[in-house]
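All values below come from the heavy atoms of this structure, side chains included, with hydrogens, waters and symmetry mates left out. The structure displayed is predicted, hence computed values, not measured ones.
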Amino acid sequence: MAWPDWVALGGYFVVMLFIGLWSHKRVSDVSDYFTGGGRMPWWLSGISHHMSGYSAAVFVAYAAVAYSYGITIYVWAFLPLALATGVGAWLFAPRWNRLRRRYDVASPLEYLARRYNIATQQALAWSGALLKVFDVAAKWASVAILLNVFTGVSLDIGILITGVVTLVYCTVGGLWADALTDFGQFIIQGVAALSMVIITLNHVGGFSGLGSLWHRLPADHTHPLVGPYTAGFLTAYVVVKLFEYNGGMWNLAQRYMATDSAPAAKRSALLSAALYLIWPAVLLFPSVVGPVLMPHIADPQQVYALMAENLLPAGLVGLTLAGMFSHTMAMASSDANAIASVVVRDIIPAVARRGRALSARSGLLAARICTVAFIAVSMVVAMEASHFGGPLGIITALVAAVMGPISIPMLLGLLPVFRRWGSLAALLSWACGLASFVLVKYILDSTDQTLTIATPLATSLVLYLVIGLVLPQPSAAADEITAAVSAAADVPAPEGPTPPLVPDAGTARGRQ
């Protein structure tokens, strides 16, 4: 890279650190740290939701698929996100916001202890936290590959640099720092990606050359579903993303919780859905047409970086690399914040009596310590990412497959139609879903991506529905919570204290 590129990249890191320091002044307790105090504008929440939904894996793992298979990457990887987030704008986003306002929760899992029981809450908390370590590790590994192509820095050093900068600003500033850096990163990525598209277009004949361009691409490159990406794979992926992007990915639920009202949360989700419909097509266009400009790339994971390095002028290369960094740092920092909220609000109170009455200062300190620990562990795992199938292997074969069993009880538990579904349905669907993943992936050693993703999802969903119907566990707590987060809850409630989302001793004993 030339010196203007280093200036652009260095300036980006400096701005991120300053945002973290500025956001520090807005954080006084765990509510500010985890949900922005419920004061986040809907447009900022929507952009942050979008930016937190994907990372540098777009420019590495997904770019490799775009280069090798064509437009199918947009069809199976991003149209489901737009669909899922759009549906969630009506079904889930307002409910997450009402949950925060009604019960003053700061973690997406806090309500589970009362909705089901403590055992369910802890099962989902521990397994979800472990899953997120691998998810974020895939993002660190992706950005390290890009940094290696551009600068020659080793993969481990690239992981260390990105992780440390992210750690500083998100630990200091909490969700406000995450959201504000998401916005800044959205602007940077916009300039970088549009520059890349314009220059790529110029090299293939401009807009007038688009008509003939499609005939110059490899066979099947314009087919919506091709290779291992079948209709069955797409169907399973759509259902997984419906749960994942509406709260199964905890950091995205936090974005809805951070707005000041349910209608604002809905607008936030609709904005994010619109961005998922448009922006990935812009990001991936250069990789899709890559075979025309650079037909013999040995490692397709490097296609976007190599195209940027060869086509862009000095200065824009550094900005493009900063834009790639931005996606990873956006997702990783928001995941770290979400995991810290679950550890501090859900796990620590359950395993340590002193954790149930932390002061504002102690709670904030615990939140920051958990954020540091999570990022550090995920960086260590990232350095061994090749043992888990690389970035794309982790994202599709592990995260997508395991997300269903973890998120199904949490998301469906918010809906009134499932108010009679209790802890038995939740725990058995979770346990059997995870067991089916282990069976298919590691015992049967299947390489079929559709089977790997669909089996745990179908197992959990069917068991949750059937067990709840056959062995219902009605409770006053479930009726109360599902009613409190419905649209009717927007009507002003009678004066008086709101019951806490902590099961009393009798309820806990009766539902264990």
### Worked check of side-chain contact (heavy atoms from CB on, under 4.5 Å) between Leu461 and Leu465
CA-CA 6 Å; Leu461 187 57; Leu465 296 176; 4.2 Å; yes
### Task
Please identify each residue that fulfils side chain to side chain contact (heavy atoms under 4.5 Å, CB included) with Thr235, with sequence neighbours left out.
none
### Message
According to side chain to side chain donor-acceptor pair (under 3.5 Å), does anything in residues 82-95 pair up with another residue at least two apart or in another chain? List the pairs.
### Response
none
### Task
First locate atom CZ of Arg267, then atom CG of Leu271, and finally report the distance between them rounded to the nearest 0.5 Å.
11.0 Å
### Qualifying residues under side chain to side chain contact (heavy atoms under 4.5 Å, CB included), relative to Val191, sequence neighbours excluded
Ser195, Leu319
### Message
Assess, by modelled atom type and distance only, whether the side chains of Trp126 and Gln122 contain a donor and an acceptor separated by less than 3.5 Å.
### Response
yes
### Message
What's the separation between atom CG in Leu414 and atom CE in Met410, rounded to the nearest 0.5 Å?
### Response
8.0 Å
### Query
Which heavy atom of Tyr304 sits nearest a heavy atom of Leu283, and at what distance?
CE1-O, 3.2 Å
### Task
Can you measure from CG (Leu131) to CH2 (Trp250) and round to the nearest 0.5 angstrom?
8.5 Å
### Message
Any heavy-atom pair between the side chains of Leu275 and Phe186 that's under 4.5 Å?
### Response
yes
### Message
Any side-chain to backbone donor/acceptor pair from Tyr116 onto Pro409? Under 3.5 Å, distance only.
### Response
yes
### Query
Considering only heavy atoms from C-beta outward, does the side chain of Thr459 approach that of Leu463 to under 4.5 Å?
yes
### Query
What heavy-atom pair brings Ala483 and Ser486 nearest, and what distance separates the two atoms?
O-OG, 2.8 Å
### Validation row: Leu457, Tyr237 side chains within 4.5 angstrom (heavy atoms)
no
### Message
Classify the ring geometry of Trp421 against Tyr464: parallel below 30°, tilted from 30° to 60°, perpendicular beyond 60°.
### Response
parallel
### Ring centre gap for Tyr256 and Phe92 strictly below 6.0 Å
no
### Task
Could you tell me which residues satisfy salt bridge (Lys or Arg N to Asp or Glu O under 4.0 Å) with Arg419, sequence neighbours excluded, listed by chain and number?
Asp479
### Query
What's the shortest heavy-atom distance between Thr450 and Pro228, and which atoms?
OG1-O, 4.2 Å
### Summary
Residue set satisfying ring-ring contact (aromatic ring centres under 6.0 Å, His included) with Phe374, at least two apart, ordered chain then number -> none
### Task
Just do the side-chain hydrogen bond (donor to acceptor under 3.5 Å, both in side chains) check on Ser429 and Ser460 with the steps written out, would you?
CA-CA 4 Å; Ser429 66; Ser460 289; 5.2 Å; no
#### Entry: Partners meeting ring-ring contact (aromatic ring centres under 6.0 Å, His included) with Tyr74 (sequence neighbours left out)
none
### Task
Return yes if a side-chain donor-acceptor contact under 3.5 Å exists between Asn97 and Arg101, otherwise no.
yes
### Message
Side chains of Thr482 and Arg115, heavy atoms from C-beta outward: is any pair under 4.5 Å?
### Response
yes
### Message
If I compare all heavy atoms of Val240 with all of Met403, which pair ends up nearest, and what's the gap?
### Response
CG1-CB, 4.3 Å
### Query
Can the ring centres of Tyr276 and Tyr245 be said to be less than 6.0 Å apart?
yes
### Message
Can you tell me how far apart CG (Leu252) and CD (Glu244) are? Round to the nearest 0.5 Å.
### Response
8.0 Å
### Exercise: identify the closest heavy-atom pair between Ser45 and Arg255
OG-O, 2.7 Å
### Query
Aromatic rings Tyr229 and Phe233: how do their planes relate, parallel, tilted or perpendicular, breaks at 30° and 60°?
perpendicular
### Query
Within a strict 4.5 Å, meaning less than it, do heavy atoms of the Leu424 and Gln473 side chains meet?
yes
## Note on the structure
dist Ser407:OG -> Lys241:NZ (nearest 0.5 Å) comes out at 10.0 Å
